[in-house]
Structures are given as structure tokens and as C-alpha cells.
Visitor: 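For reference, the structure I am asking about is given below.
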Amino acid sequence: TFAAAGVKLDLDALVAGCTGDDCTIYQDADVDAAYRAGFRDPRIKAIAPQAPAVIDRMLPGELAGLDVPTLMISGRKDITTPDARTAIPAWDGLDDPRDLWLEMPDGGHITFLTVCSDLDAETLDVFQPTATMDGCGPDFIDPEVAIPIMNGYMLGFARAHVLGEARWLDVITGPVWNEGFVLTESDGT
């Protein structure tokens with residue numbers, strides 16, 4: 001999401017941290033050139049990364065250079081993309097006064113998906129063995145509650161920043177819609 005909005009990734013760091021057979025892709029000259037050129041899509045007017053990742057693989061200062069507003073959504077109990085490694089550094093790097101951070105204190109990585117209720121326990125364990133430690137279960141906000149709220153925030157954010165319907169800013173920056181969420185507004189620094 002960040003890359004599509006204009007953040008350039010540190011290809012050298014990606015290559016250095018890559019292990020396994022999939023790493024040979026970086027040896028392709030076209031792949032190398034694409035990464036170095038960046039993946040910015042000028043049609044993108046706003047972004048809403050959920051459980052952001054590869055923050056440590058972005059070139060320094062790139063997040064501050066974003067010229068589109070960001071609604072970042074994360075779960076504090078996420079063990080796949082832990083806040084300390086991902087969301088917090090991302091938030092610290094963003095500096096657009098339109099940026100918002102929607103956090104779920106009891107959200108995990110799987111909270112962003114409906115698999116907790118869509119799959120039986122055995123299938124869920126095959127799909128994601130860590131699901132009960134990373135978003136499914138009584139220690140987490142119920143995804144059936146969280147997902148519609150996240151969707152509402154994203155829709156309001158898009159209506160405000162993509163369609164220019166400023167009245168939605170009051171809706172998404174007013175009191176949080178559910179006690180399972182915390183909203184932080186950027187101070188623009």
C-alpha cells in the first residue's frame with residue numbers, strides 16, 4: 001500500500017534479508033529496475049494500510065514524503081506484524097496533517113479477516129496455526145465487530161479524501177465508534 005502511494009523500498013535491504021528459493025527474482029534486471037524506479041500509481045489519492053509491514057525495508061524518510069493522506073489501521077496484539085516493528089515506526093515516519101491511526105488495543109493480525117468465524121477450528125489451524133494467538137478468540141476484539149467499523153472508517157476516509165466530501169472528516173475524527181478502537185490524529189510533524 002505504501003509503495004503504491006509512492007514510498008520507495010530499499011531493494012538492497014530486501015535482497016540482504018531474503019532467504020530461500022524466491023530470492024532469485026531479485027536477480028532479474030527488470031525486477032531490479034522496477035524496484036529502484038518505485039511503484040507509485042498517480043491515481044491513488046489516499047491509502048488505508050492495515051497491519052502495515054516491511055516498514056524497515058523502506059528507504060529512510062520515504063514515509064514523510066507521501067503526498068496522500070493515510071488511514072493506518074493496526075492491532076496492538078498483532079504478532080505477525082507487531083506494532084513495535086511496524087505500525088509505530090510507520091506512524092512516526094508519517095507527517096501529513098491528514099493522517100489518522102486507528103488502533104485496536106485487542107486486535108491481532110487475523111482480526112482483519114473473517115476467518116475466525118468462517119472456518120471451523122481444524123481448517124483455521126491449517127490455514128493459520130497462530131490464529132488463536134493472533135486475532136481469533138476471547139482475548140481479541142471480535143472480527144465480526146471490528147471489520148464493519150474498520151470498513152466504515154475507510155469509507156469515510158475515502159469519501160473525505162478521494163471524493164472531497166469534507167463533511168466526512170467530522171464523522172471519522174469525532175468520538176470513536178466503538179470502545180475497542182483508539183483514533184490518533186497526526187500533528188503534522
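Because the structure is predicted, anything quoted here is derived from the model rather than measured.
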Visitor: Examine Leu9 and Ile25 and state if one hydrophobic cluster contains both, with Ile, Leu, Val, Met, Phe, Trp and Tyr joined whenever side-chain heavy atoms are less than 4.5 Å apart.
Guide: yes

Visitor: Which pair of heavy atoms, one from Ile47 and one from Phe157, lies closest together, and at what distance?
Guide: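 Heavy atoms only, the tightest pair is O-CE2, 3.6 Å.
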
Visitor: Within the structure provided, determine whether Asp96 and Leu66 are in side-chain contact (heavy-atom separation under 4.5 Å).
Guide: no

Visitor: Check Cys23 against Thr19 and note the closest heavy-atom contact, atom names and distance.
Guide: SG-N, 3.1 Å

Visitor: For Thr81 and Thr86, indicate whether the former's side chain and the latter's backbone hold a donor-acceptor pair under 3.5 Å.
Guide: no

Visitor: Does any part of the side chain of Met150, heavy atoms only, come nearer than 4.5 Å to the side chain of Phe181, both counted from C-beta?
Guide: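 Contact flag for Phe181/Met150 side chains = yes.
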
Visitor: CG of Leu113 to CG of Asp118: how many Å apart, nearest 0.5 Å?
Guide: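 Reported to 0.5 Å precision, the distance equals 9.5 Å.
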
Visitor: Are Phe39 and Leu11 connected in a single hydrophobic cluster, I mean Ile/Leu/Val/Met/Phe/Trp/Tyr linked by side-chain heavy atoms less than 4.5 Å apart?
Guide: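 Yes.
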
Visitor: Between Ala37 and Lys8, what is the shortest heavy-atom contact and its length?
Guide: O-CE, 3.3 Å

Visitor: So which heavy atom on Gly6 is nearest to which on Glu62, and how close?
Guide: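 Distance-wise, the nearest heavy atoms are O-OE1, 3.5 Å.
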
Visitor: Show your reasoning for whether side-chain contact (heavy atoms from CB on, under 4.5 Å) applies to Asp67 and Arg40.
Guide: CA-CA 11 Å; Asp67 62 355; Arg40 171 77 169 111; 3.5 Å; yes

Visitor: Kindly compute the distance separating CD1 (Ile88) from CD (Glu103), expressed to the nearest 0.5 Å.
Guide: 7.5 Å

Visitor: Which pair of non-hydrogen atoms, one from Pro143 and one from Pro148, has the smallest distance, and what is that distance?
Guide: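 Taking Pro143 first and Pro148 second, the nearest heavy atoms are O-CD, 4.0 Å.
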
Visitor: I'd like to know if the side chain of Gln50 reaches the main chain of Ile73, judged simply by a donor and an acceptor atom lying under 3.5 Å from each other, with no hydrogens or angles considered.
Guide: no

Visitor: Could you give the distance from CD (Gln128) to CE (Met133), rounded to the nearest 0.5 Å?
Guide: 8.5 Å

Visitor: Could you tell me whether Asp12 and Arg36 have a side-chain N and a carboxylate O separated by less than 4.0 Å?
Guide: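 Looking at Asp12 and Arg36, the cut-off is met.
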
Visitor: With a 4.5 Å cut-off on side-chain heavy atoms, are Val176 and Val182 touching?
Guide: no

Visitor: Does atom CG of Asp22 have more than 12 heavy-atom neighbours from other groups under 6.0 Å away?
Guide: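 Open: at most 12 neighbouring heavy atoms sit under 6.0 Å from CG of Asp22.
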
Visitor: Is any side-chain heavy atom of Leu71 closer than 4.5 Å to one of Met154?
Guide: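 Answer yes - side chains close enough.
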
Visitor: Any side-chain to backbone donor/acceptor pair from Trp177 onto Val171? Under 3.5 Å, distance only.
Guide: yes

Visitor: To the nearest 0.5 Å, how far apart are OG in Ser186 and CH2 in Trp91?
Guide: 5.0 Å

Visitor: Can any side-chain N or O of Thr70 pair as donor or acceptor with the backbone N or O of Asp99 at less than 3.5 Å?
Guide: no

Visitor: Check whether any side-chain heavy atom of Asp32 lies under 4.5 Å from a side-chain heavy atom of Gln27, and answer yes or no.
Guide: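 SC-SC contact between Asp32 and Gln27 ruled out.
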
Visitor: Between Met104 and Ile149, is a side-chain contact (heavy atoms from CB on, under 4.5 Å) present by the stated rule, with each step listed?
Guide: CA-CA 11 Å; Met104 295 175 286; Ile149 292 168; over 6 Å; no

Visitor: Mind checking whether Val7 and Val15 sit in one hydrophobic cluster, side chains of I, L, V, M, F, W, Y counted as touching below 4.5 Å?
Guide: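 Yes; Val15 is reachable from Val7 via cluster members.
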
Visitor: Using the rule given for side-chain contact (heavy atoms from CB on, under 4.5 Å), can you reason through Val115 versus Ile110, listing the C-alpha separation, both sets of side-chain angles and the distance that settles it, and then say yes or no?
Guide: CA-CA 8 Å; Val115 297; Ile110 307 301; 3.4 Å; yes

Visitor: Tell me which pairs pass disulfide (SG to SG under 2.5 Å) where either residue lies in residues 35-127, with sequence neighbours left out.
Guide: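 Matches after skipping sequence neighbours: Cys116-Cys136.
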
Visitor: Say you draw a straight line from CZ of Phe2 to CE of Met72; how long is it, rounded to the nearest 0.5 Å?
Guide: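 Phe2 atom CZ to Met72 atom CE measures 6.0 Å (nearest 0.5 Å).
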
Visitor: Would you say Asp78's side chain and Gly75's backbone share a donor-acceptor pair under 3.5 angstrom?
Guide: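 No, Asp78 side chain to Gly75 backbone: no donor-acceptor pair under 3.5 Å.
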
Visitor: Give the intermediate values and the outcome of side-chain contact (heavy atoms from CB on, under 4.5 Å) for residues Met58 and Leu63.
Guide: CA-CA 8 Å; Met58 296 177 185; Leu63 287 169; 3.9 Å; yes

Visitor: Under 3.5 Å, is there a donor-acceptor pair between the side chain of Asp134 and the main chain of Thr80?
Guide: yes

Visitor: Which pair of heavy atoms, one from Gly156 and one from Trp168, lies closest together, and at what distance?
Guide: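 The pair with the smallest heavy-atom distance is O-CB, 3.5 Å.
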
Visitor: Tell me whether Leu102 shares a hydrophobic cluster with Val162, the cluster being built from Ile, Leu, Val, Met, Phe, Trp, Tyr side chains joined at under 4.5 Å.
Guide: no

Visitor: Which distance, rounded to the nearest 0.5 Å, do you find between the CG of Leu100 and the CD1 of Ile172?
Guide: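 Leu100 CG to Ile172 CD1: 5.0 Å, rounded to 0.5 Å.
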
